[in-house]
Structures are given as C-alpha cells and as structure tokens.
Amino acid sequence: MNRNIILSSLAVLAIAIGGFMWLNGGKTTPPNFSEIGAAHAQTAEDIDTSSVIEMTMGDEDAPITFVEYASFTCPHCQRFHKDVFPQLKADYIDTGKVKFVYREVYFDGPGLWAGMMARCGGAERYFGLVDLIYENQRTWTNGAPAQIAANLKKMGKLAGMTDEQLDACLQDGEKARAMTAVFQKNAQADEIRATPSFVIDGKLESNMSYSELKALLDSKL
C-alpha cells in the first residue's frame, strides 16, 4: 500500500480517539474531528512516549536486525504476513539469525484502533493478536465504525481480555497520542513511504517475495 505515510497524524488521532468515544458515548451525531484534533494538539517533544515499547521477536543478539513497517488495514501487509512471514519466522527468526521488529503504521482510525487493541494484551499476547488481526482483515474492517470496534473487541476477548479492559485501552487518548508520535518519528527517520517496507540492517527495502528476501538475508550471513 502506497500512501503519504508522513500524513496528518493529528487527523488520524481525531478520528481514532473521537470516533471510539462517540461509539461508546451514545451520541447520535459524529464528533467534530477538527475540534478534537485542536484540543489534543501537541508537538512530538511534548508527548511522553515511554509507554510505547518496541515489539520484537527473536534473539536480541541475532546477526541481522529486520524492521517491518506495516499497517493493519493494508492488504499487501496482510499478504506478507500470510505468505512470507511464516517462512521468515521458521527459517531466520526461530533459528536465531534475525531479530524481528514490528512497527505499526497508521493510515486511518481503524488501523490505530487495531494497534491499540493489540498492545492492550501486553508484549506476551501482541504477536498472537497481530496474527488474528491480519487473518481476519477482510472481515473486521467491514461495516460502520461501531461494527469495526466490536470486531476488534471480539478478537481481544479471544485473547482473554474483558470488555472493560478493551474499552479502557481503546479510549486511552494519551496512549494513542504516544503511539502516533512514535510512528511518525520512526517513519520520518527511516523515510518510509509505503507498506510493507523493511529496514534490514539499516537499509530500506521494499516488499518482495520470500525467494528474494531469502537471497537478501543469506547474503548478509
């Protein structure tokens, strides 16, 4: 998926935070997203991002560091996680050759909601929820915002979380702002313009087949 990654993250925040609060507040009219954005406007330097941990998999001391930038609403990312990632995990991550880092990209409110829900379960549940989100991408992204929120909460409950926990996570405006600030900082630093994109040992790479990826990784070992 190729969009303007360094987008107005404030607009995404307005939709994501305001939209979910509207869904759960019983209002009959949508919120004024521009007012919500103005009310929460902050510079990146003003936002405490210490709660947003890096989600990693594999040996911390692996010879290769593989960073994936992906959006939970991106069909190309879904295909990568379905067709390529299982082989990457089996051949390189589980064998100690690759340290894998997953970084979320937010194109839209639902993508940010999905990231908030996945992180709600903590690091130990995170990648299992990522698998669920991608596996069910075609269904949970369908419908009105209320249905999308219900779909995400259903996946969270499959992972053992309660409605109360999920509502608290999805309405955590400070966490949403911190996640968006981290996303924007990382995407700018790595010059990310499309998803999925990979930064392999510091070099930006575009989406590729497993055979191409395997050849690239083997050349670094």
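Computation of the quantities below employed the complete heavy-atom set of this structure, encompassing side-chain atoms and omitting hydrogens, waters and symmetry-equivalent molecules.
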Stepwise side chain to side chain contact (heavy atoms under 4.5 Å, CB included) test for L204 and I192: CA-CA 8 Å; L204 181 62; I192 303 301; 3.6 Å; yes

Worked check of side chain to side chain contact (heavy atoms under 4.5 Å, CB included) between L170 and K153: CA-CA 9 Å; L170 288 166; K153 288 177 64 177; 3.9 Å; yes

Minimal non-hydrogen separation, A114 against F72, with atom names: CB-CD1, 3.7 Å

Within residues 130-151 or reaching into it, pairs that qualify as salt bridge (Lys or Arg N to Asp or Glu O under 4.0 Å) - sequence neighbours excluded: none

Rounded distance [0.5 Å steps], CG in D61 versus NZ in K99: 8.5 Å

K97 vs D91, salt bridge (Lys or Arg N to Asp or Glu O under 4.0 Å): CA-CA, chis, key distance, verdict: CA-CA 8 Å; K97 298 174 183 176; D91 294 344; over 6 Å; no

Rounded distance [0.5 Å steps], OG in S211 versus CD in Q87: 9.5 Å

Plane angle bin for F100 and F85 - parallel if under 30°, tilted between 30 and 60°, otherwise perpendicular: tilted

Just distance, no hydrogens or angles: give the donor-acceptor pairs under 3.5 Å from side chains in residues 212-221, sequence neighbours left out.
from: E212; atom 1: OE1; to: S209; atom 2: N; distance (Å): 2.9
from: E212; atom 1: OE1; to: S209; atom 2: OG; distance (Å): 3.2
from: K214; atom 1: NZ; to: D218; atom 2: OD2; distance (Å): 3.0
from: D218; atom 1: OD1; to: Y92; atom 2: OH; distance (Å): 2.6
from: D218; atom 1: OD2; to: Y92; atom 2: OH; distance (Å): 3.4
from: S219; atom 1: OG; to: L216; atom 2: O; distance (Å): 2.6

Polar side-chain atom of T162 near backbone of Q165 as donor-acceptor pair, under 3.5 Å: yes

For residues 116-125, dump all side-chain donor-acceptor pairs below 3.5 Å to protein atoms at least two apart in sequence or in another chain.
from: R119; atom 1: NE; to: E104; atom 2: OE2; distance (Å): 3.2
from: R119; atom 1: NH1; to: I53; atom 2: O; distance (Å): 3.0
from: R119; atom 1: NH2; to: I53; atom 2: O; distance (Å): 3.4
from: R125; atom 1: NE; to: A159; atom 2: O; distance (Å): 3.3

W140 side chain vs I133 backbone, donor-acceptor pair below 3.5 Å: yes

Worked check of side chain to side chain contact (heavy atoms under 4.5 Å, CB included) between R103 and V199: CA-CA 11 Å; R103 290 180 178 170; V199 179; over 6 Å; no

Nearest-0.5 Å distance that lies between atom CG in N151 and atom CD in Q137: 12.5 Å

Closest approach of A181 to T49 (non-hydrogen atoms, all atoms of both residues): CB-CG2, 4.0 Å

Minimum heavy-atom distance between T195 and Y69, given as atom pair plus value: CG2-O, 3.9 Å

Listed partners of K175 passing side-chain hydrogen bond (donor to acceptor under 3.5 Å, both in side chains), at least two apart: none

Whether over 12 other heavy atoms sit under 6.0 Å from E191 CD: no

Flag, side chain of N136 to backbone of T139, donor-acceptor distance under 3.5 Å: no

Side chain to side chain contact (heavy atoms under 4.5 Å, CB included) involving A70 - partner list, sequence neighbours excluded: E68, C77, Y102, Y134

Close side-chain approach of V182 to I47, heavy-atom, < 4.5 Å: no

Nearest atoms (heavy-atom pairs only) where T95 meets A90: CG2-O, 3.5 Å

Rounded distance [0.5 Å steps], OG1 in T56 versus OH in Y126: 11.0 Å

Residue pairs passing the ring pair (Phe, Tyr, Trp, His ring centres under 6.0 Å) test where at least one lies in residues 197-221, sequence neighbours excluded: F66-F198, F80-F198

Approximate separation, where rounding is to 0.5 Å, of T73 OG1 and L112 CG: 10.5 Å

Point-to-point distance, once rounded to the nearest 0.5 Å, from CZ of R177 to CG of D48: 12.0 Å

Check: I200 and I64 side chains under 4.5 Å, non-hydrogen atoms: yes

CA sep, side-chain torsions, deciding dist, call: N142, Q147, side chain to side chain contact (heavy atoms under 4.5 Å, CB included): CA-CA 8 Å; N142 289 331; Q147 185 60 54; over 6 Å; no

